[in-house]
Amino acid sequence: MDVLSDVIAVMRSGRPRSARVAWRAPWGQRFPSAPGSAGFQVILQGSCWLIPPSGDPVALSAGDVVFFPHGHAYGLADSPSTPLAEPVCDPLEDAELFASDVVGQEGPVTVTLCGGYQLSPGHTHPLLRDLPEVIHLPARLGHHPELRAAIDLLGNEIGNPRLGADTIVPALLDMLLLYILRTWFENPPTPDTGWAPALADPAVSAALHAMHRDLARPWTVQTLAAQAGLSRATFAHRFTTLAGRPPLTYLTWWRLTVAAELLRESDAPLHEVATHIGYTSEFAFANAFKRQYGTAPGKYRRQRTSAQP
């Protein structure tokens with residue numbers, strides 16, 4: 001898998017949720033923080049204002065996408081001067097309450113599509129951790145056609161549920177998440193910060209994709225440098241500078257992150273988990289896992305399984 005697909009597949013857990021909400025002005029709604037999750041708002045019709053926890057309000061219009069990768073609190077309103085109501089329920093949990101134009105009063109209508117993703121607990125991948133608090137992708141004619149197509153499909157499925165919608169909607173939500181992130185990483189406003197330059201650098205990106213495609217391979221700095229087409233020293237320096245940690249340190253961290261996900265989500269024996277991520281010895285895997293997570297793999301699995309509702 002490529003890096004972005006692999007990270008999302010491992011980090012996202014559970015089923016994504018969504019709701020289509022119609023608001024009649026004047027209206028204002030506060031959305032509380034949701035640690036361990038990411039969410040989005042798409043303006044399908046009309047306009048409104050994003051009220052961030054700090055900074056100036058941001059005008060939103062039809063087609064705009066706002067993504068909240070860290071689950072921070074925010075508000076939406078028809079006007080920056082409209083008070084924000086405290087939530088009495090979760091639109092994602094109680095979508096039927098928002099199925100018609102009942103939110104607000106008798107003014108112009110704004111229709112939004114909101115969604116949320118649950119992220120796995122534990123170590124967040126730096127690709128997601130380095131994202132800003134809010135990502136605003138304005139609608140521009142002819143820009144990001146795949147993102148716009150996903151929004152149209154998702155809005156139609158949620159607004160007019162038909163046979164197969166229970167399977168189609170989660171798939172479209174996953175697609176939308178990937179399109180949002182792809183759009184951001186391909187055109188970051190500050191391309192010299194975060195993981196955007198690492199993914200944009202051909203050498204570092206080649207090494208990252210190689211690791212993620214073949215996690216069990218006995219990689220060395222030299223073999224990764226060969227994938228990058230650089231000398232060992234040049235590759236090691238460039239990777240560390242852009243990715244924030246040495247290549248083998250990153251490789252070990254990601255292997256154990258994948259192992260933790262397998263322990264949470266599967267019944268695979270420990271020796272199979274060890275082999276899958278590149279450890280020839282279950283003992284070596286257990287020692288490495290305990291150094292990163294502070295507990296043995298078997299105990300980690302039991303604790304995580306018992307904690308699941």
Side-chain angles (χ1 to χ4, degrees), residues 1-12 69 119-120 122-131 177-178 181-188 190-266 268 270-294 297 300:
M1 298 178 72
D2 67 88
V3 177
L4 180 58
S5 300
D6 206 10
V7 168
I8 296 304
V10 171
M11 291 293 168
R12 198 183 68 69
L119 303 179
S120 296
H123 295 67
T124 301
H125 194 282
L127 182 150
L128 299 177
R129 188 188 60 230
D130 291 347
L131 293 173
L177 174 61
L178 288 166
L181 293 173
R182 176 197 282 179
T183 300
W184 169 260
F185 282 113
E186 288 180 347
N187 302 278
T190 52
D192 296 330
T193 62
W195 257 56
L199 295 177
D201 183 273
V204 173
S205 179
L208 284 167
H209 288 312
M211 290 186 212
H212 282 257
R213 280 195 305 266
D214 192 358
L215 194 59
R217 182 173 171 178
W219 293 106
T220 65
V221 176
Q222 186 62 53
T223 57
L224 288 169
Q227 293 284 330
L230 299 174
S231 69
R232 185 182 185 281
T234 301
F235 164 72
H237 175 74
R238 184 180 297 185
F239 189 101
T240 303
T241 300
L242 295 178
R245 62 185 77 183
L248 295 189
T249 301
Y250 171 81
L251 176 62
T252 298
W253 177 83
W254 181 243
R255 281 173 166 169
L256 296 173
T257 299
V258 171
E261 194 267 345
L262 289 172
L263 292 171
R264 288 193 304 269
E265 304 296 334
S266 78
L270 295 186
H271 69 87
E272 289 186 9
V273 175
T275 301
H276 179 81
I277 64 168
Y279 283 83
T280 57
S281 162
E282 184 178 329
F283 178 76
F285 160 63
N287 283 339
F289 190 91
K290 190 170 184 178
R291 282 194 298 271
Q292 180 159 313
Y293 287 94
Y300 178 91

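Not measured: the values here are computed from a predicted model. What you see below is based on every heavy atom in this structure, not just the backbone, and it leaves out hydrogens, waters and symmetry mates.
- Between the CG atom in Leu270 and the CZ atom in Phe283 there is a gap of 13.5 Å [rounded to 0.5 Å].
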Legend entry - Leu119 vs Thr124, side-chain contact (heavy atoms from CB on, under 4.5 Å): CA-CA, chis, key distance, verdict: CA-CA 9 Å; Leu119 303 179; Thr124 301; 5.7 Å; no
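- Rounded to the nearest 0.5 angstrom, Leu215 CG and His212 NE2 are separated by 8.0 Å.
- The environment of NE2 in His237 is sparse: at most 12 heavy-atom neighbours from other residues, nucleotides or ligands sit within 6.0 Å.
- From Met11, atom CE reaches atom CZ of Arg129 across 9.5 Å, with rounding to the nearest 0.5 Å.
- Here the closest heavy-atom approach between residue Arg238 and residue Ala203 is recorded as NH1-CB, 3.7 Å.
- To the nearest 0.5 Å, atom CZ of residue Arg213 and atom CG of residue Leu208 are 10.5 Å apart.
- Considering NE2 of His125 and CH2 of Trp195, their distance stands at 4.0 Å, rounded to 0.5 Å.
- Distance alone, capped at 3.5 Å, places no donor-acceptor pair between the Arg232 side chain and the Val221 backbone.
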Inset, instruction - Check the pair Leu4, Leu199 against side-chain contact (heavy atoms from CB on, under 4.5 Å), reporting the backbone distance first and the verdict last. - result: CA-CA 9 Å; Leu4 180 58; Leu199 295 177; 5.8 Å; no
Inset, instruction - Using the side-chain contact (heavy atoms from CB on, under 4.5 Å) rule, take Leu131 and Phe185 through it: C-alpha gap first, then chi angles, then the decisive distance, then the call. - result: CA-CA 10 Å; Leu131 293 173; Phe185 282 113; 3.8 Å; yes
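- Heavy atoms only, all atoms of each residue included: Gln227 and Arg217 are closest at NE2-NH1, 3.7 Å.
- Scanning all heavy atoms of the two residues, the minimum distance from Ala274 to Ser281 falls at CB-O, 4.4 Å.
- Nearest heavy atom pair, residue Val273 against residue Ala259, reads CG1-CB, 3.9 Å.
- The two residues Tyr279 and Thr252 make their nearest non-hydrogen contact at OH-CG2, 3.9 Å.
- Counting only N and O atoms by type, the side chains of Ser205 and His209 include a donor and acceptor under 3.5 Å apart.
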Inset, instruction - Starting from the C-alpha separation in whole Å, work towards a yes-or-no answer on side-chain contact (heavy atoms from CB on, under 4.5 Å) for Arg291 and Leu256. - result: CA-CA 10 Å; Arg291 282 194 298 271; Leu256 296 173; over 6 Å; no
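- The side-chain contact (heavy atoms from CB on, under 4.5 Å) test with Ile277 singles out one residue from Phe285, Trp254, Phe289, and that residue is Phe285.
- Counting heavy atoms from C-beta outward, Thr241 and Val204 have side chains that stay 4.5 Å or more apart.
- How far CD1 of Ile8 is from CG of Leu177: 4.5 Å, rounded to the nearest 0.5 Å.
- Leu248 places a side-chain heavy atom less than 4.5 Å from the side chain of Leu224.
- Shown are Glu265, Arg264, Glu261; of these, the side chain to side chain donor-acceptor pair (under 3.5 Å) with Ser120 is made only by Arg264.
- Looking at every heavy atom in both residues, Phe235 comes nearest to Ala228 through CD1-CB, 3.7 Å.
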Inset, instruction - Give the intermediate values and the outcome of ring-ring contact (aromatic ring centres under 6.0 Å, His included) for residues Phe239 and Trp219. - result: CA-CA 15 Å; Phe239 189 101; Trp219 293 106; over 10 Å; no
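- Within the 4.5 Å cutoff, the side chain of Trp253 has heavy atoms near those of the Pro126 side chain.
- With Thr234 contributing its side chain and Ser231 its backbone, the two residues share no donor-acceptor pair below 3.5 Å.
- The shortest side-chain heavy-atom distance between Leu263 and Pro297 falls under the 4.5 Å cut-off.
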